[in-house]
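In what follows, a structure is listed as structure tokens, so that the remarks can point back to it.
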Amino acid sequence: MAIKKRGTAPVDQEKIEAFGAAADVPASSDRAPILDPGPEPAPAVRTAAKTPAGEWPTDVPKSLLIRWPDAALAVELAAVAALEDRSQHKTAIRAMQRGLEVLRAEHRD
Amino acid sequence: MIILIGSQKGGPGKTTVAVNLAVEYARNGKDVCLVDADPQRSAARWHADREEQRHQPAIACVEKTGSINQTLQDLAGRYDVVVVDVAGKDSQEMRTGMTAADTLVVVVRPSQLDLDTLGHMSQVIELAIDFNPDLDVRGLISQAPSNPAITERTDAGEYLADYPRIRPLDTVIYERKAYRDVVGEGLGVVEWTNPKAKAEIQELARELVA
């Protein structure tokens with residue numbers, strides 16, 4: 001068989017990372033369903049920017065266990081994740097980010 | 001040699017193809033590493049079953065998600081054959097795997113929904129080839145009806161021909177119970193009793209290194 005081992009070729013790792021990361025971006029924003037646009041969202045609040053990369057505040061837990069009040073929200077999350085072809089985890093994070101922006105904006109009003 | 005088994009749709013049997021190729025190459029005396037880059041961990045579970053049953057030949061298995069380019073480059077220097085299983089979607093693992101692989105096997109069922117993903121897949125392949133100009137892209141029809149009266153396999157071959165970057169493999173994997181039987185045992189069909197399934201995998205393994 002024409003099988004051979006090969007050495008490591010030089011690669012532009014940053015460009016490859018960017019190419020790979022693009023896989024998780026939906027092809028077009030109109031694929032994402034907008035159930036209730038609500039008020040115009042405030043500029044994104046990026047909590048990650050408050051802490052240096054790789055560091056985690058000691059008083060902030062790294063995970064959150066959610067107990068659903070009923071099945072409706074869980075079903076909706078699964079449906080939206082399927083529409084976006086994302087994992088439920090990623091969809092939940094995105095939904096939470098958008099929701100928190102809306103809630104924060106309400107408190108500013 | 002790095003063989004990446006990919007597709008943009010779940011369910012065509014990527015893991016089945018990956019583990020069966022790994023067994024066939026290992027039986028031919030090659031040092032084989034199976035890379036499970038799918039968060040579902042199906043290949044890793046198959047490998048755990050194989051280890052538990054102490055089946056020989058032994059196959060190494062690595063689980064890695066996220067960017068896998070450097071992992072594959074490293075493994076390619078240590079193993080004769082690296083077989084990579086990724087999730088059935090346009091994922092970071094599939095894209096970064098394409099930038100390192102020698103061969104990408106695009107697995108599709110002879111169904112409209114599977115074949116309709118080839119357009120986007122071709123676009124991603126074109127981008128990957130910018131990083132990896134030597135990437136050899138092959139199309140594999142899987143789960144084809146074994147009934148010769150059903151023409152889906154021929155239709156699918158014609159559909160694949162519309163994408164010149166994806167060279168169709170002569171080998172076709174047919175819908176056979178043997179593939180389901182062996183996977184729970186940590187075995188490959190080349191270690192099983194169904195001669196047709198065994199011949200398919202042997203032919204596929206030969207074709208990919210020819």
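Side-chain atoms are counted along with the backbone in the values below, which use heavy atoms only and exclude waters and symmetry mates. Each chain gets a letter, A, B and so on, in the order the sequences are listed, and its residues count up from 1.
Smallest separation of non-hydrogen atoms from Ser91(B) and Ala23(A): C-CB, 3.2 Å. Taking every heavy atom of both residues into account, Ala22(A) and Arg95(B) meet most closely at CB-NH1, 3.5 Å.
Applying the side chain to side chain donor-acceptor pair (under 3.5 Å) criterion to Glu126(B), with sequence neighbours excluded, gives Arg165(B). Shown here are the side chain to side chain donor-acceptor pair (under 3.5 Å) partners of Thr15(B), two or more places apart in sequence or in another chain: Asp85(B).
Environment of CD in Glu207(B): crowded, with over 12 heavy atoms of neighbouring residues, nucleotides or ligands closer than 6.0 Å.
With respect to Phe19(A), the side chain to side chain contact (heavy atoms under 4.5 Å, CB included) criterion is satisfied by exactly one of Val124(B), Asn69(B), Asp130(B): Val124(B). Each of Ile68(B), Asn132(B), Thr96(B) was compared with Ile16(A) under the side chain to side chain contact (heavy atoms under 4.5 Å, CB included) criterion, and only Thr96(B) meets it.
If you take NZ on Lys15(A) and CG on Leu127(B), they are separated by 13.0 Å, rounding to the nearest 0.5 Å.
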